[in-house]
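Below you'll find the structure, written out as structure tokens, and then a few comments.
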Amino acid sequence: MSYVNHLSKEINCKIVYYGPGLCGKTTNLQHIFSKTKPDAKGKMITLATETERTLFFDFLPIDLGSVRGFKVRFHLYTVPGQVFYDASRKLVLKGADGVIFVADSQPSRTEANIESVENLEQNLRDTGGALDKLPYVVQYNKRDLPDVMSVDELRATVNPLGVPDFEAAAATGAGVFDTLKGLSKLVLTRLARE
Amino acid sequence: MGDPAPIVALSAAPPARLAAALYAVAAEDGARAARLRTGAAQAMAAVPEDLDVARWFQAVVELGFLVASADGFADEERRGLARLLEKLTAEAVDHELLETNFRELERGVAAMGRGPRLARAAADVDASLVDDTLGLVALIAMADGELGAPEGAALTELGSHLGYSADQVRAVIDRVAARLEGQLR
């Protein structure tokens, strides 16, 4: 659910990084933050409560142009770590304009990946959304580790919808911006249509 | 159980008198009044020359909205606040645009959450303007004649992002309320 700030002449979009604990969501955000020019980004903000820690920052991608004369500001959100309460994950999904699912490529994390995708689908349904109606991409992270699953295997387990997918190694930054650009295109296409 | 008692309940006054008091208190500091006018003009400029003051003004508008709407935001309150800001900025920004913007900011709260938006907008307030900005936001929140408990809680949360304790925020609230009462007498 994007909204327009008429004073800053910006369309604001919420992008959520979702995935199992320790899959690299926070590392994605930190890499984007560290590589974005200071004048194009807000502060990285951590909001902690007793049960959750939400991490987010916003930025204006200079290469994306504008939609009907308004610049597009992306707000990148994640609930990092292993959040005990599902309510926190549901809350962060609320109003999302796009979702990036970050899968862990290690075979030992297969079950966690599948559970997280199913949890994503369920939580979207619970908040009135659906994965196939939302700009959505999948990132296969940790490709730099040894003995990871093949991309075909990962596709079969976490990308049954066949949405755009990307290989990444967030720890080095590889593939991080490609993934975000992939989702940005889908979000902008939808915005232009609306 | 009913709503908790408001933190501040200003003396009853006709809307026009309350609006005049709000304007008088907001504009009594010449530097702040000038910053509001400049900030609004810069925010509305096609290419702002002073991005910092434009961002500060945008932050004040959003923070004012976030705090004032913490206990609901009736159409009358939205209109009153838009008119107040239009007057304070010497019409650099139009009240209709502000009303539209408030409606969009409501969508923003629904999507992003009030807490995250408070934290984000607070990040655009320079350390040297913290006290003044908190006072301005408190004044905006009192534009309907009172400061409710949810608005007070939002102000305290905002204060924490700006490095102010609950006691310091309370002192700002009391100061603004006293000035408004002085105008209403």
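Side-chain atoms are counted along with the backbone in the values below, which use heavy atoms only and exclude waters and symmetry mates. To find a chain, count down the sequence lines: A is the first, B the second, and so on, and within it residues start at 1.
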If hydrophobic clusters are built by linking Ile, Leu, Val, Met, Phe, Trp and Tyr wherever their side-chain heavy atoms come under 4.5 Å apart, do [X] and [Y] end up in the same one?
X: A:Met149; Y: A:Leu145; answer: no
X: A:Leu60; Y: A:Val72; answer: no
X: A:Leu91; Y: A:Phe56; answer: no
X: B:Val109; Y: A:Val16; answer: yes
X: A:Met44; Y: A:Leu76; answer: yes

Any chance [atom1] of [X] has more than 12 other-residue heavy atoms, nucleotides or ligands included, within less than 6.0 Å?
X: B:Glu49; atom1: CD; result: no
X: A:Asp132; atom1: CG; result: yes
X: A:Lys142; atom1: NZ; result: yes

Inset, instruction - Give the member of A:Ile45, A:Val92, A:Asn12, A:Val4 that has the highest number of heavy-atom pairs under 4.5 Å with chain B. - result: A:Val4
Legend entry - B:Glu104 side chain vs A:Asn5 backbone, donor-acceptor pair below 3.5 Å: no
Inset, instruction - Examine distances only and state if a side-chain atom of A:Lys9 and a backbone atom of B:Ala43 form a donor-acceptor pair shorter than 3.5 Å. - result: yes
Least distance between heavy atoms, [X] atom then [Y] atom:
X: B:Ala119; Y: A:Leu47; result: CB-CD2, 4.0 Å
X: A:Met1; Y: B:Arg107; result: CE-O, 3.3 Å
X: A:Gly42; Y: B:Arg120; result: CA-NH2, 3.6 Å

Measure the [atom1]-[atom2] distance between [X] and [Y] for me, rounded to the nearest 0.5 Å.
X: A:Leu7; Y: B:Leu97; atom1: CG; atom2: CG; result: 6.0 Å
X: B:Glu99; Y: A:His6; atom1: CD; atom2: NE2; result: 12.0 Å
X: A:Ser2; Y: B:Met112; atom1: OG; atom2: CE; result: 8.5 Å
X: A:Ser8; Y: B:Asn101; atom1: OG; atom2: CG; result: 7.5 Å

Inset, instruction - Please report the C-alpha distance between B:Arg103 and A:Tyr3 in whole Å, then the side-chain angles of each, then the deciding distance to 0.1 Å, and finally whether the side chain to side chain contact (heavy atoms under 4.5 Å, CB included) criterion is met. - result: CA-CA 9 Å; B:Arg103 286 192 195 93; A:Tyr3 73 97; over 6 Å; no
Inset, instruction - Counting only heavy atoms closer than 4.5 Å, note whether B:Ala59 contacts chain A via side chain, backbone, both or neither. - result: neither
Legend entry - Option in B:Ala40, B:Pro116, B:Gly115 with maximal non-hydrogen atom pairs under 4.5 Å from chain A: B:Pro116
Inset, instruction - Please look at A:Tyr77 and chain B and tell me whether the side chain, the backbone, both or neither of the residue comes under 4.5 angstrom of a heavy atom of that chain. - result: side chain
Legend entry - Region of A:Asp97 that comes under 4.5 Å of a non-hydrogen atom in chain B: neither
